Number of protein chains: 2
Amino acid sequence: MQFHHNGYVSGDPTIQRPAGVGVDRRDELPDEMDVLVVGTGPAGMITAAQLSQFSGVSTRIIDRRDGRLEIGQADGIQARSVETFQAFGFADRIIAEAYRITEMAFWKPDPTNPSHIVRTARAADDETGVSEFPHLLVNQARVLDYFAEVMAHSPTRMQPDYGWDFLDLEVTEQGEYPVRVTLQRTAGPDEGTTRVVRAKYVVGGDGARSKVRAAIGCSLDGDQANHAWGVMDVLANTDFPDIRTKCAIQSTSGSILLIPREGGHLFRMYVDLGEVEAGHEKEVRATSISQIIANANAILNPFRLDVKDVAWHSVYEVGHRLTSRFDDVLPEDAGTRNPRVFIAGDACHTHSAKAGQGMNVSMQDGFNLGWKLGHVLEGRSPAALLRTYSAERQVIAKNLIDFDREWSSLMAAKPEDLADPTELEDFYVRTAEFPAGFMTEYAPSMVVAEAHHQALAAGYPIGKRFKSARVRRVCDGNDLHLGHLAAADGRWRIYAFAPAGGNADPRLAAFSEWMLTSAGSPLADTPDGADANSWFDVKVIYQQLHTEVVIGEVPEVFRPRVGIFGLIDLENAFGIDPGNDIFDARAIDRDGVVIVVRPDQYVAAVVPLAATHELESFFAPLRSPQGAAATSR
Amino acid sequence: MQFHHNGYVSGDPTIQRPAGVGVDRRDELPDEMDVLVVGTGPAGMITAAQLSQFSGVSTRIIDRRDGRLEIGQADGIQARSVETFQAFGFADRIIAEAYRITEMAFWKPDPTNPSHIVRTARAADDETGVSEFPHLLVNQARVLDYFAEVMAHSPTRMQPDYGWDFLDLEVTEQGEYPVRVTLQRTAGPDEGTTRVVRAKYVVGGDGARSKVRAAIGCSLDGDQANHAWGVMDVLANTDFPDIRTKCAIQSTSGSILLIPREGGHLFRMYVDLGEVEAGHEKEVRATSISQIIANANAILNPFRLDVKDVAWHSVYEVGHRLTSRFDDVLPEDAGTRNPRVFIAGDACHTHSAKAGQGMNVSMQDGFNLGWKLGHVLEGRSPAALLRTYSAERQVIAKNLIDFDREWSSLMAAKPEDLADPTELEDFYVRTAEFPAGFMTEYAPSMVVAEAHHQALAAGYPIGKRFKSARVRRVCDGNDLHLGHLAAADGRWRIYAFAPAGGNADPRLAAFSEWMLTSAGSPLADTPDGADANSWFDVKVIYQQLHTEVVIGEVPEVFRPRVGIFGLIDLENAFGIDPGNDIFDARAIDRDGVVIVVRPDQYVAAVVPLAATHELESFFAPLRSPQGAAATSR
Ligand SMILES: Cc1cc2nc3c(=O)[nH]c(=O)nc-3n(C[C@H](O)[C@H](O)[C@H](O)COP(=O)(O)OP(=O)(O)OC[C@H]3O[C@@H](n4cnc5c(N)ncnc54)[C@H](O)[C@@H]3O)c2cc1C
Ligand SMILES: Cc1cc2nc3c(=O)[nH]c(=O)nc-3n(C[C@H](O)[C@H](O)[C@H](O)COP(=O)(O)OP(=O)(O)OC[C@H]3O[C@@H](n4cnc5c(N)ncnc54)[C@H](O)[C@@H]3O)c2cc1C
């Protein structure tokens, strides 16, 4: 964490100084804004939290609810989400309060007495060590609280505007704020009154019944029937031995997905209520909590569940459905028009809760979109950048729905219907990278280069997220995770992996020189007066131990001047961790290489150190035609 | 973290529900209170933060300042303090914001050109891995902020009362609130007015010039002369290569202790100004910041320091001084009278800043005292318990002053005066356990048993702090640090290390039975209606893997009922970490053993599993004669 560079910060350094639109932010919803986010669910909140880091961008986030979510909804947090929380600064805190999944147990009918269940297997949750981050369970409400805190502590001092129902929108393509949005007050003395506001962009994170989606003429297509579960968050005593372990329980009376929860006592059960044909929703929705508990007891036989308190329950009913596009650009306009309206999260994709994906994929939608909006609105990049959002995320949603369909049908299958009795456990272990959130691999586009030089850094597949590794910082010998320094601050990252000769090799100095002086350098547009590293975070990793690198010889691009005093930032040069050399761990060419990483942590390009022209070509389309001029607001 | 057991907690679970005196706590300072803490420095704040966990105890903490400390004073945080912060719930956050010391560099005059300094050595900060916690540097103000948050989020909703100057006190020995305290308002409209309040106990954490100390007739004795340093917290550019590394710099122009600080830019320099004879303080105190900077530049030659901003500076002047007692019991009354007034921190001991001890030892004073006051005031233990505070902490202070005297004179020595050129580095490495805070070893007393059975658990020396080790929780397979579950909640810990046979060995069940049913059991006094584990935290560690222990067979004392629903707490049984068997790591007898740990994390007793009579004898003097009756408030 870096601070004090503009003078001493006496209080909590995670509370950033107000800047830009945050200096005199009004509490009331204004008539005009850069971005209007509809919905304070995971998709909307992460989008807003990311945008809150752009001090030049005015964003408002509304919800029809009159305050924060209090309970219920999703609770599964995959490792990729925790990695994302780390970038937003709250991973440690949410880990401390959440339940941590370390293994999963599988229960089936006892072959010798099928009316009783028995444990047939246990599987480690992350057998292959896919991430240094854990897999958690915690209420969705708490995730939203943390994002709200990120916004509140951001330079823009953003806060959700509760009590506004989105009714409709129209893209006028006129004026500075071309999207005309109609809202209705759902709370307060003026409840029921409508109001029109205007925005440059609108993001619909308004859930499965999204009105933003409807307004742009999209629909969720897929299964005809919904699958229903009775879901309950309860406090209970029981003799079921795995009550604090995640379990898939299959019995002759139906199946349960058991989810232990934060705090050591609460747990969730999803009790399968089967497929719901259209027209029969009413009966299923009428399932009472006592029926759900009775079903659970029948399934758990011979164990007993003595429920003491029901914190929340619901009949959660959802199908496998997907929209064909995530923005308002009609297929016939693709390539000619830039989007003005986006949808994210459940507004675009719905699927079962069984693989614990809903909140996670929704957040990655928003993380993908947020920085792109910020860059376009601050004039760092042209509006065409926004086309990549729908293109990238629609594919991911499709993969998700395919995966979830397979997992759900395996979980719903009767034991006797499975080809192999261990099919379920095997699938769980084999596919671990998917539900952990690390299978995402974006295709080449204006933000993902072609993989011509992938061989120079086999451990950083282009299009996949930059996997952290340990390094030692030169200036202070601190043993750090390189990737954990990449905060969700909207900056591109450029990691120069130095050639074997380190500072003695002229290629490193040449790279620095080009970066600092060439008109083709991505740094060339950084506005005058801004910190040298405010748009790009440029770091160097040497093949030597940190003690073998002389800080005074580190080329200048890695020692940018920051803050009102022009202090030299010494924290961008690293040596290897002798116990785990990052060059070996990530198969990096010892002649050096440059890795470009997007603000949402995906590897965008791998280029040889000397191929600055390739760096130039990669960034050229991302540079705003107006250049730095456009950004001086 | 455990919560939800009294029903669903929707918000931040680290904010405890108000209880006891916190339910209707008044903002204004009342006329009567159980404990009055004077001074919001590290000693006072930790005492109050610990007391804030006792919902039956009314505590107020005052300071003559009109608000929080903003800048300056101490910044060194030893591993033992971070371990303590972990117990108070804020270690992760302070680690994230602090500077982390991983190594120390030593600079000396260049033998070939003595007017220039050269680096002669680097030493790892914690060569021997004395702790899993880091050594940090962060401003004292932030430590105080975190303790203030702990209090504010505690059941008692405590907040410091700023703007009150302690003038004097008198122990009347009369009535329920025998200490009569005179205060003066230092802020607000009533500034200057005096007021008398009454307390059962008073804690003087009012620093080196303590008036509480004076009021109980104590004085600081020791060195005649003070040692002075120019201290500055600055932002600067420099070509000195180790500016982000802790350094001891000795030059022909004097010496510097360089302390890099939080945030990546700020650093502190202590520039030696030498001994100050009585009568010459004035000249030294007049040392200007420009003189300090000039001195620093002379010492750093050939490197240059270009100071851009001075955040804080001071001439810090202090001698090695110590009081002979830490409470108001005169030597002639020792053993017959119980104390009413205590002093802690700099009020009792002052010494150089060079070993970075002041804030740390002061906090351990308060951690030692806080729970004892809580236990006496809640009627868990007799007032004689309070005698152990002065007895235990005075010895520690004496050791500290001896250590610091040696370290200071080594640092002040001219290189040519040292017997061996590496004497300084060698001392630093050799004595690492001391400044890390782990050399404390309390002597036998009513809270530390004799070491008759030490051989049964050689890795838990009686009187030293309980060193954590990894275990796996039976109910959920979570890989945890056993010691990190010991929150600063005022509870005693009883760890039963199971015999090799585990639950099949009748000794474990017999221990449980005795604990639950014997009148001699320490649990016998737990008030009716309180959670079974509210006074004692009782855990069991098996020699098996967690998967080999059947949770339903874990004896009952390890599965207490908690909360309004009488939920069974399953989180107290552990198996070994297969990679690091705690029985081997701590040399624990495989026949089983019971380890008793104090609320301040010191090992109090080691007894064989079957020796329940020894457990009974150990706790007998600690049990209040009134028993549980006294506590029903
Ligand atoms: C009742 C319910 C129960 C669920 N249970 C589970 C579960 O058990 N397990 C699981 O994994 N997932 C569950 N989910 C799904 C999971 O919560 C979602 O996958 C996840 O929250 C997706 O995030 P999102 O931001 O896209 O949408 P949501 O979290 O649904 O957020 C949408 C937000 O938009 C607001 N909104 C909607 N329409 C408007 C409007 N017109 N104007 C203004 N605001 C609007 C809503 O109030 C809401 O705050 C449940 C969802 C719901 C609604
Ligand atoms: C100006 C200064 C500079 C220091 N610089 C360093 C340094 O550079 N390095 C280092 O390691 N240590 C330094 N120290 C020492 C270090 O801060 C202490 O060792 C540490 O704070 C001890 O904690 P404490 O709680 O015992 O006392 P303190 O932190 O001194 O706290 C005492 C508190 O009591 C209050 N108080 C005093 N008298 C009264 C009264 N009559 N009524 C009400 N309140 C009162 C004070 O306002 C203060 O808040 C410095 C101390 C001071 C005062």
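This structure is a prediction, so every number in the text was calculated from the model and none was measured. Order of the sequence lines sets the chain letters (A, B, ...), proteins ahead of strands, with each chain counted from 1.
Interface summary for chain B: among A:G11, A:G552, A:A311, the most heavy-atom pairs under 4.5 angstrom belong to A:G11. For the set A:E262, A:R100, A:R93, A:E70, the entry with the most heavy-atom pairs within less than 4.5 Å of chain B is A:E262.
Neither the backbone nor the side chain of B:P260 comes within less than 4.5 Å of any heavy atom of chain A. Proximity to chain A is absent for every atom of B:I564, based on heavy atoms less than 4.5 angstrom apart. For A:Q2, the parts lying under 4.5 angstrom from a heavy atom of chain B are both the backbone and the side chain. There is no contact between B:D239 and chain A, counting heavy-atom distances below 4.5 Å. Contacts of B:V474 with chain A are absent, with no heavy-atom separation under 4.5 Å from either backbone or side chain. If you measure heavy-atom distances from A:A236 to chain B, the contacts under 4.5 Å come from the backbone alone.
Atom CD of A:E556 is surrounded by 12 or fewer heavy atoms from other residues, nucleotides or ligands within 6.0 Å. Within a 6.0 Å sphere centred on CG of A:D479, other residues, nucleotides and ligands contribute more than 12 heavy atoms.
You'll find the side chain of B:N237 reaches within 4.5 Å of the side chain of A:L567, heavy atoms only. Within the 4.5 Å cutoff, side-chain heavy atoms of B:N139 are placed close to those of A:Y8. Inter-residue side-chain proximity for A:E97 and B:T14 is flagged as unmet; no heavy-atom pair is nearer than 4.5 Å. A:H5 has its side chain out of reach of B:L266: every pair of non-hydrogen atoms, C-beta onward, lies at least 4.5 Å apart.
Looking at B:D309, its side chain never comes within 3.5 Å of a backbone N or O of A:G7 through a donor-acceptor pair. A donor-acceptor contact shorter than 3.5 Å is absent between the side chain of B:T245 and the backbone of A:D476.
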Exercise for review: Begin from the C-alpha positions of A:H265 and B:H4 and carry the test ring pair (Phe, Tyr, Trp, His ring centres under 6.0 Å) through to its verdict.
Suggested key: CA-CA 7 Å; A:H265 294 283; B:H4 288 329; 9.2 Å; no
Point to revise | side chain to side chain donor-acceptor pair (under 3.5 Å) assessment of B:E103 paired with A:H546 | key: CA-CA 12 Å; B:E103 57 191 22; A:H546 76 275; 3.1 Å; yes
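Side-chain atoms of A:S10 and B:R68 form a donor-acceptor pair, as typed in the model, at a separation below 3.5 Å.
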